[in-house]
2 protein chains.
Amino acid sequence: MASNEIYWPEELFTDLDRTGPVPLYFQVSSRLEAAIHDGVIPAGARLENEIAIAARLGLSRPTIRRAIQELVDKGLLVRRRGIGTQVVQGQVTRPVELTSLYEDLRNSHHEPGTRVLAHEIVPATDPVAEGLGVAVGTDVVFIRRQRSTDGVPVAVLENYLPIEFSDITTEQLQDRGLYQILRARGVTIQIAKQKIGARRAQGDEAELLDVERGGPLLTMERIAFDNSGRALEYGHHCYRPDMYSFETTVVAK
Amino acid sequence: MASNEIYWPEELFTDLDRTGPVPLYFQVSSRLEAAIHDGVIPAGARLENEIAIAARLGLSRPTIRRAIQELVDKGLLVRRRGIGTQVVQGQVTRPVELTSLYEDLRNSHHEPGTRVLAHEIVPATDPVAEGLGVAVGTDVVFIRRQRSTDGVPVAVLENYLPIEFSDITTEQLQDRGLYQILRARGVTIQIAKQKIGARRAQGDEAELLDVERGGPLLTMERIAFDNSGRALEYGHHCYRPDMYSFETTVVAK
DNA sequence: TAGTGGTCTAGACCACGAG
DNA sequence: TCGTGGTCTAGACCACTAA
């Protein structure tokens, strides 16, 4: 079968940059990923063995292994001892990444819109205090936004931030995603813990999302931490289930 | 601050087994993980640097790095260049893994129950055929189960399998999780693509899950592949949102 | 300046799967 | 039996961070 042949588009790897800041394993894995996405390497195709690839590219085997491992973790390749490495069959979906809804929408070529519904300083209630790791009653920044794509409302986003972010302006929130604003301040989000569930639309949510009163909503609760482990954001989001869903690729260990 | 001290409970690593089949990096990472879970190494604590750990344990630095990386990927540790490695602050949640609902419930010390609602051979409809990668109309195995925990209904599970699994018996389905049955047949699931959403309860779902008619349900669609990339299972599941939610830990790249 | 993690090399031996 | 990926070693140099 043609799809079981060994594929290795060596021309993709002729100009690796050993001097720049981009790691070699990343250069290899990203080009390999692009080749798989574009069908240059078809689904089911076998790759050469790791030692041969390393020799061809003039790299060491650990470097090649790391490049391949990146794509295994993404669910694009499968390795089997004694057999070799194969491109996974079946369509490829983008895995869930640590991005904001705003960026998700932009990346899928839709025009995101934001309406700021609330932007104020409030005392932390019980769940908020626990999420952010502050005392109950501590002042925190509360933001409530309505997010739409191509003019259709998609989500109601409620976020709580530590008081040090009180200088974020409503105008910034109107124009950009929250994570984008935080990154511009030099804040990097490293880890997020998310909980995805469902419930009925409550209060003004039905109106804001243009769904029936009491209709089903997809919900996500999230706590985001910076690289020192401090909680930076506690969020509770509601999504219109006909406009949004979460996709993940899970790889067995 | 005490939580910024360097912690290294060396006694945990005195009896590493270099002869058995368990990789050294796994022995190190699993003991480290247990120590963090048990609070032996508190949240916010710093670890020694990689070279020193390697010297202490008589292992090479790449082996230690791999052990640490495992826990970074799980969201338990954070590494910063020029700084060191720290235990993440905040509570720890179990990340989503490639397990069946049955195993999830068992692991959380509840008694899962299964009622087989349907178990028959049917022709593949359009979405099923696409999911399993077979022609429309091909015979496939259809299973519909009601899953409960401690006597309370939690989910309605609809699964489609290739016809080669037609010899699975209803009794097996009653007693065990589907993935458990597949593993016992030597079938290993390597990758799954999941889509999580929400919708209203339809048909008999409200009755089966003991929720209001038209009430919100959490849904998951899943296609599971074996290590050769062949689709083994297409499933569509509905969960009672007050009984079940999906938790994930997302780590920035 | 000193210390940390990030990357990379060039080997080695082993376990698994197929023929 | 042979080829494959899985693991492990003992070094090396670099980039980033803090003092």
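Every chain is numbered from 1, with letters handed out A, B, ... down the list of sequences.
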Among B:Leu76, B:Leu47, B:Leu12, the one residue meeting side chain to side chain contact (heavy atoms under 4.5 Å, CB included) with B:Leu32 = B:Leu47
Residues at least two apart in sequence or cross-chain that pass salt bridge (Lys or Arg N to Asp or Glu O under 4.0 Å) with A:Arg66, listed by chain then number, are none
Go through D:dG5, C:dG17, C:dG5 for me and flag the one nearest to the A:Ile83 side chain.
-> C:dG17
When the distance from CD1 of B:Ile53 to P of C:dG3 is rounded to whole Å, what number comes out?
-> 17 Å
Protein N or O to nucleotides 6-12 of chain D N or O, pairs below 3.5 Å:
unit_1, atom_1, unit_2, atom_2, d
D:dG6, OP2, A:Arg65, NH1, 2.9
D:dG6, OP2, A:Arg65, NH2, 3.0
D:dG6, OP2, A:Arg79, NE, 3.3
D:dG6, O4', A:Arg81, NH1, 3.4
D:dG6, N7, A:Arg61, NH2, 2.9
D:dG6, O6, A:Arg61, NH1, 3.1
D:dT7, OP1, B:Tyr25, OH, 3.0
D:dT7, OP2, B:Arg66, NH1, 3.0
D:dT7, OP2, B:Arg66, NH2, 3.1
D:dT7, O4, A:Arg61, NH1, 3.4
D:dC8, OP1, B:Leu24, N, 2.3
D:dC8, OP2, B:Tyr25, N, 3.4
D:dT9, OP1, B:Arg18, NH2, 2.9
D:dT9, OP2, B:Ser60, N, 3.0
D:dT9, OP2, B:Ser60, OG, 2.7
D:dT9, OP2, B:Thr63, OG1, 2.6
D:dA12, N6, B:Arg61, NH1, 3.3

Who passes side-chain hydrogen bond (donor to acceptor under 3.5 Å, both in side chains) against B:Glu164, sequence neighbours left out?
-> B:Arg230
If you fit an axis to the five pairs at each end of the helix from C:dT1-D:dA18 to C:dA18-D:dT1, how big is the angle between those two axes, to 10 degrees?
-> 20°
Check side-chain contact (heavy atoms from CB on, under 4.5 Å) between B:Ser30 and all other residues, then give those that pass, not counting sequence neighbours.
-> B:Phe26
Keeping the roles fixed (side chain from B:Ser29, backbone from B:Tyr25), state whether a donor-acceptor pair exists under 3.5 Å.
-> yes
Could you tell me whether the side chains of B:Arg222 and B:Asn159 share a donor-acceptor contact shorter than 3.5 Å?
-> no
Rounded to whole Å, the CG-C1' distance (A:Leu47 to D:dG5) equals 13 Å
side-chain contact (heavy atoms from CB on, under 4.5 Å) involving A:Arg81 - partner list, sequence neighbours excluded = none
